[in-house]
Amino acid sequence: MEIKTVGIIGAGQMGSGIAQVCAVAGLNVILNDVNEAAIARGIAGIASNLERMVAKQKLSADDRDAALARIRGAVQVEELAPAGFLIEAATENLEIKQKILQGVERIASRDSIIATNTSSVSITKLAKSLEHADRFIGMHFFNPVPVMGLVEVISGVQTGEQALAETLALAKRLDKTPIAVKNAPGFVVNRILVPMINEAIFVLQEGLASAEDIDNGMKQGTNQPIGPLALADLIGLDTVLSIMEVFYRDFGDTKYRPAQLLKEMVDAGRLGRKTKRGFYQY
């Protein structure tokens, strides 16, 4: 099925980013949120991002205008019905996502694919609440969506082959690099990345090196563009801790225990860039 219109539920940072890349790729976008103000903020953010792309000569003014013209807001979920592909991009909460997805399924055509943008919630658990779980799939876009090239496409136990094929094709159409992933805590990238960050925090906790030397060592020794502690500050130490706690709980393996220093930093309110202080001051 050729997808012409994408419906996106959630006009926050992730949802608006997904809306932007869809519109730039030539797809019509219906952007849904709880009220007009939230939608207006999302579209204003997209307009600002596109303007920066024009200033950097990465996009023409005509293409900017065409992309914005392809996006329309919708407060009522019923307005998403024409979309051939729907992406839920609400908060990382199982119950909230289940409620939204059940509402979306009621108005979507049987041929439509329904996806959730998530970095942690189980696709199999979410699918359990849907009547047609074979058309449900996970899409983990990375933040910021217009910049980051990867999309993890996650199949739950119930996900059908057609849903997987169409989702991989859509990701490529958005000029992203998709990787097909089975459902498991952290999927692939976060499963590898976040424990590495946690291990760097253990190294700092044990006094083996300073934060600056740990980060410089990883940048120069493994060619990473940003050190793990600086990356933790960028992600948010509360988010890093939350992911590690999920791994520790769901895998039942002590190798995923969060570093005590990470817990202390979160308890102190030193969450990284968003609080101006984490392993570094901003």
Side-chain angles (χ1 to χ4, degrees), residues 10-18 20 38 41-42 45-46 48-49 52 89-94 96-97 117-121 140-152 185-251 254-282:
Q13 187 174 21
M14 294 302 294
S16 62
I18 298 167
Q20 177 180 322
R41 284 194 299 272
I46 293 168
S48 178
N49 288 341
R52 282 195 291 271
T91 186
E92 289 286 272
N93 178 282
L94 177 67
I96 291 172
K97 285 183 178 291
N117 174 61
T118 180
S119 61
S120 62
V121 180
H140 179 203
F141 288 86
F142 288 74
N143 190 33
V145 177
V147 176
M148 301 298 283
L150 180 67
V151 177
E152 288 182 314
F187 311 132
V188 168
V189 174
N190 280 347
R191 170 82 174 270
I192 298 167
L193 175 66
V194 180
M196 183 199 73
I197 291 172
N198 189 56
E199 193 64 28
I201 298 170
F202 270 118
V203 170
L204 180 65
Q205 175 181 303
E206 293 167 14
L208 300 183
S210 67
E212 292 82 358
D213 284 347
I214 291 168
D215 279 353
N216 283 334
M218 292 302 292
K219 286 193 293 182
Q220 299 300 320
T222 64
N223 206 29
Q224 296 183 29
I226 184 172
L229 300 176
L231 180 57
D233 279 353
L234 181 62
I235 294 169
L237 301 191
D238 53 339
T239 301
V240 174
L241 176 58
S242 176
I243 294 170
M244 288 304 303
E245 287 175 336
V246 168
F247 288 175
Y248 192 30
R249 181 195 69 212
D250 289 359
F251 286 116
T254 56
K255 74 177 182 179
Y256 294 112
R257 72 193 188 282
Q260 184 60 34
L261 177 59
L262 175 59
K263 296 179 182 179
E264 289 289 308
M265 296 286 280
V266 172
D267 286 345
R270 297 180 180 181
L271 307 182
R273 287 181 179 269
K274 59 187 172 185
T275 61
K276 307 299 182 185
R277 188 166 184 181
F279 294 112
Y280 300 91
Q281 292 196 41
Y282 300 92

Heavy-atom closest pair, residues [X] and [Y]:
X: Ala90; Y: Lys97; answer: O-NZ, 3.3 Å
X: Ala11; Y: Ser16; answer: O-CB, 3.8 Å
X: Ala200; Y: Ile214; answer: O-CD1, 3.9 Å
X: Ser210; Y: Leu204; answer: C-CD1, 4.0 Å
X: Thr239; Y: Lys274; answer: OG1-NZ, 4.3 Å
X: Leu271; Y: Thr275; answer: N-OG1, 3.0 Å

[Y] side chain reached by [X] side chain, heavy atoms, under 4.5 Å:
X: Pro185; Y: Arg191; value: no
X: Val194; Y: Val240; value: yes
X: Met196; Y: Met218; value: yes
X: Met14; Y: Glu92; value: no
X: Glu199; Y: Phe202; value: yes

When you look at [atom1] of [X], are more than 12 heavy atoms from neighbouring residues, nucleotides or ligands closer to it than 6.0 Å?
X: Asn223; atom1: CG; result: no
X: Gln220; atom1: CD; result: no
X: Gln260; atom1: CD; result: yes

Find the distance between [atom1] ([X]) and [atom2] ([Y]) and round it off to the nearest 0.5 Å.
X: Leu150; Y: Phe141; atom1: CG; atom2: CZ; result: 10.5 Å
X: Arg277; Y: Arg270; atom1: CZ; atom2: CZ; result: 3.5 Å
X: Arg273; Y: Phe279; atom1: CZ; atom2: CZ; result: 13.5 Å
X: Ile197; Y: Leu262; atom1: CD1; atom2: CG; result: 9.5 Å
X: Ser119; Y: Asn143; atom1: OG; atom2: CG; result: 10.0 Å
X: Leu237; Y: Asp267; atom1: CG; atom2: CG; result: 11.5 Å

Just say parallel, tilted or perpendicular for the rings of Phe247 and Tyr256, cut-offs at 30° and 60°.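 If you compare the ring of Phe247 with that of Tyr256, the planes turn out perpendicular.
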
List the steps and the verdict of side chain to side chain contact (heavy atoms under 4.5 Å, CB included) for Val266 and Lys263.
-> CA-CA 5 Å; Val266 172; Lys263 296 179 182 179; 5.9 Å; no

Quick check against the 3.5 Å criterion: does [X] have a side-chain atom that pairs as donor or acceptor with the backbone of [Y]?
X: Asn198; Y: Ala259; value: yes
X: Glu152; Y: Phe187; value: no
X: Asp233; Y: Tyr280; value: yes

inquiry  = Given Leu193, which partner from the list Leu231, Val188, Ile243 fulfils the side chain to side chain contact (heavy atoms under 4.5 Å, CB included) test?
reply    =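 With Leu193 as partner, Leu231, Val188, Ile243 yield a single side chain to side chain contact (heavy atoms under 4.5 Å, CB included), made by Leu231.
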
Check: Passes side chain to side chain contact (heavy atoms under 4.5 Å, CB included), Asn190 versus His140? Steps please.
Finding: CA-CA 10 Å; Asn190 280 347; His140 179 203; 3.9 Å; yes

